[in-house]
There are 2 protein chains.
Amino acid sequence: MGHPTARERARAEFTADLLDAARARLAADGAAALSLRAVARDLGVASSAVYRYVPSRDGLLTLLIIEAYDAVGTACEAAAAQAREAGAAPGQVWLATGRAFRAWALAHPHSFSLVYGTPVPGYAAPTDTVPHAVRIWVVIVATVIDAHRDGSLRTDRAMVTVPTGTVERAALDLGAQVASATARAGDATGEQAWGEAEVVACFALFSTLVGATTVELFGHLRGAATDLAGVFDATLVAAATGIGLVVEP
Amino acid sequence: MGHPTARERARAEFTADLLDAARARLAADGAAALSLRAVARDLGVASSAVYRYVPSRDGLLTLLIIEAYDAVGTACEAAAAQAREAGAAPGQVWLATGRAFRAWALAHPHSFSLVYGTPVPGYAAPTDTVPHAVRIWVVIVATVIDAHRDGSLRTDRAMVTVPTGTVERAALDLGAQVASATARAGDATGEQAWGEAEVVACFALFSTLVGATTVELFGHLRGAATDLAGVFDATLVAAATGIGLVVEP
DNA sequence: CACAAGTGTGAGCACTGCTCTTGACAGTGC
DNA sequence: GCACTGTCAAGAGCAGTGCTCACACTTGTG
């Protein structure tokens with residue numbers, strides 16, 4: 001491992017090329033039409049050779065799924081961080097996150113479909129995709145926790161009430177983790193107030209985010225609205241309002 | 001045309017059998033895996049024979065799409081009508097509609113994916129599907145109009161504000177149509193108040209409906225919540241609250 | 001240098017959607 | 001009753017797919 005052998009370097013390079021080609025094909029034709037043979041053709045290589053680098057077509061899809069989760073996660077993290085650093089209130093941070101999500105989806109529609117659209121039949125996402133899928137959740141949870149702390153989460157305006165036990169342990173833990181990770185000195189105030197209702201509020205935000213993007217991207221608003229970005233913003237603001245997160249104009 | 005010839009009857013019967021078989025295959029394997037040859041095998045017939053009754057695989061898909069839109073439309077219409085007749089307030093009617101939508105989606109996941117999931121690549125939905133797709137919209141619009149009339153739409157609590165011109169003419173007209181169709185004697189009050197903000201509110205409701213169903217059905221809440229129905233309800237209530245539609249408990 | 005591991009090739013299997021030719025049948029006019 | 005016309009199912013065939021395998025070749029290592 002000191003100096004990589006020529007073979008190892010060639011392997012890494014070819015793997016990268018393979019992923020590039022696959023990504024291009026995905027962007028051009030969509031996941032369902034992603035053909036291993038076509039990728040091999042693009043690379044000027046026999047189709048069977050690809051199997052030296054990727055276990056199967058589904059394995060290749062898994063790699064692309066992870067890439068997609070990471071891409072959207074990075075975009076949303078960056079947008080949220082930037083907004084937060086600019087001094088935006090949690091409501092505005094949420095809006096910025098959602099806009100980044102939408103922008104990424106519009107730029108990479110097939111990647112979006114791959115992760116948030118219809119699951120590929122007969123394909124079960126392996127567990128190694130989970131940590132990448134969680135990144136967007138962390139952004140949302142952190143924003144809601146922020147709102148919880150600074151008072152812009154007006155739960156009195158919200159209608160989210162759920163019986164105890166609706167939320168899985170792991171989901172509650174994620175919130176606690178994020179809370180302790182982002183805790184600043186001297187504000188242990190809000191921690192014990194983070195409960196199931198808050199987690200469900202995050203679910204609602206995420207559902208609306210995915211729904212608004214899906215509806216627009218898959219053409220269900222075709223011929224219904226001209227300013228789709230405006231409709232998207234309004235939908236996000238409505239969702240925030242619904243869980244008691246005020247968004248100043 | 002007076003009495004159908006034996007040939008016509010046989011054709012109608014076979015077409016019905018074909019659709020049954022295709023629906024079964026769709027329910028079992030999903031749209032992407034829907035194979036015309038497999039359907040032909042199920043019917044004990046040569047694959048080429050199927051093309052006498054259906055123009056292509058996409059044509060078959062179109063028939064199934066229309067069936068799906070009609071099924072979900074019927075389910076939601078029935079649920080909304082029943083709730084309304086039972087004297088439920090618009091908020092509760094919305095909840096009932098959403099629950100019917102979710103129930104249908106859970107019962108027919110592949111049909112849901114077919115119409116609200118990733119579009120089949122290279123497949124452009126023909127315009128004859130539009131009237132069937134609109135039915136669910138009519139239900140939502142009618143409910144919001146109802147709320148508009150009886151005062152349960154508290155726009156002062158809502159944050160939905162959009163600049164003029166975000167909504168397409170056709171969408172506004174649909175609202176006007178539904179309003180005049182459901183008008184009772186003596187309440188011409190709300191009509192002029194039906195504007196772009198209200199249409200956008202309907203967009204938001206629909207987005208959340210599709211989003212909440214998608215997220216649950218496609219497994220993005222796996223391991224996150226135990227009572228998925230409760231989370232769904234909470235999401236719907238939050239969406240309603242967000243547009244100013246109060247939902248009494 | 002020799003052996004083992006890694007790598008690309010092309011043939012092959014079973015499958016797909018779709019087209020086209022072939023041959024069989026039903027309904028209709030003479 | 002016979003011939004014509006339109007409908008129909010069947011089967012071969014084309015081009016494509018995922019994937020496996022035996023083979024030849026290159027590379028790294030003992």
Asks: Using a 4.0 Å heavy-atom cut-off, does B:Leu34 contact any base of the nucleic acid, only the sugar-phosphate backbone, or nothing at all?
Replies: sugar-phosphate

Asks: Separation of B:Arg41 atom CZ from C:dA14 atom C1', in whole Å?
Replies: 11 Å

Asks: Are the side chain of B:Arg57 and the backbone of B:Leu34 linked by a donor-acceptor contact shorter than 3.5 Å?
Replies: yes

Asks: Rounded to whole Å, how long is the line connecting atom OH of A:Tyr53 with atom P of C:dT9?
Replies: 10 Å

Asks: From the set C:dG6, C:dG17, C:dT21, return the single nucleotide nearest to any side-chain atom of B:Leu36.
Replies: C:dG17

Asks: Taking atom C1' of C:dC15 as reference, at what distance in whole Å does atom CZ of A:Arg57 sit?
Replies: 14 Å

Asks: Spell out, as yes or no, whether a donor-acceptor pair under 3.5 Å connects the side chain of B:His110 to the backbone of B:Ala27.
Replies: yes

Asks: Closest approach to the side chain of B:Ala38, judged atom by atom: which nucleotide of C:dC18, C:dG10, C:dT16 is it?
Replies: C:dT16

Asks: Send over the distance from B:Asp58 CG to C:dG17 P, rounded to a whole Å.
Replies: 11 Å

Asks: For A:Ser35 and for A:Pro55, locate the closest nucleotide of DNA chain D by heavy-atom distance; then report the residue assigned to the nucleotide nearer the 5' terminus.
Replies: A:Ser35

Asks: Is there a donor-acceptor pair under 3.5 Å between the side chain of A:Glu8 and the backbone N or O of A:Thr5?
Replies: yes

Asks: Donor-acceptor check, side chain of A:Trp94 to backbone of A:Leu236, threshold 3.5 angstrom: yes or no?
Replies: yes

Asks: Check whether the ring centres of A:Tyr116 and A:Phe101 lie less than 6.0 Å apart, and answer yes or no.
Replies: yes

Asks: With heavy atoms of chain A within less than 4.0 Å as the criterion, where does contact along DNA chain D begin and end?
Replies: D:dT17 to D:dG28

Asks: Can you tell me the distance, in whole Å, between the CZ atom of B:Arg9 and the C1' atom of C:dA26?
Replies: 15 Å

Asks: Does the A:Glu196 side chain pair with the main chain of A:Gly165, one donor and one acceptor, at a distance under 3.5 Å?
Replies: yes

Asks: Using whole Å, what does the distance between atom P of nucleotide C:dT7 and atom CG of A:Leu43 come to?
Replies: 15 Å

Asks: Measure the distance from CZ on A:Arg52 to P on C:dG8 and round it to the nearest whole Å.
Replies: 8 Å

Asks: Any donor-acceptor pair under 3.5 Å linking the side chain of B:Ser207 with the backbone of B:Phe203?
Replies: yes

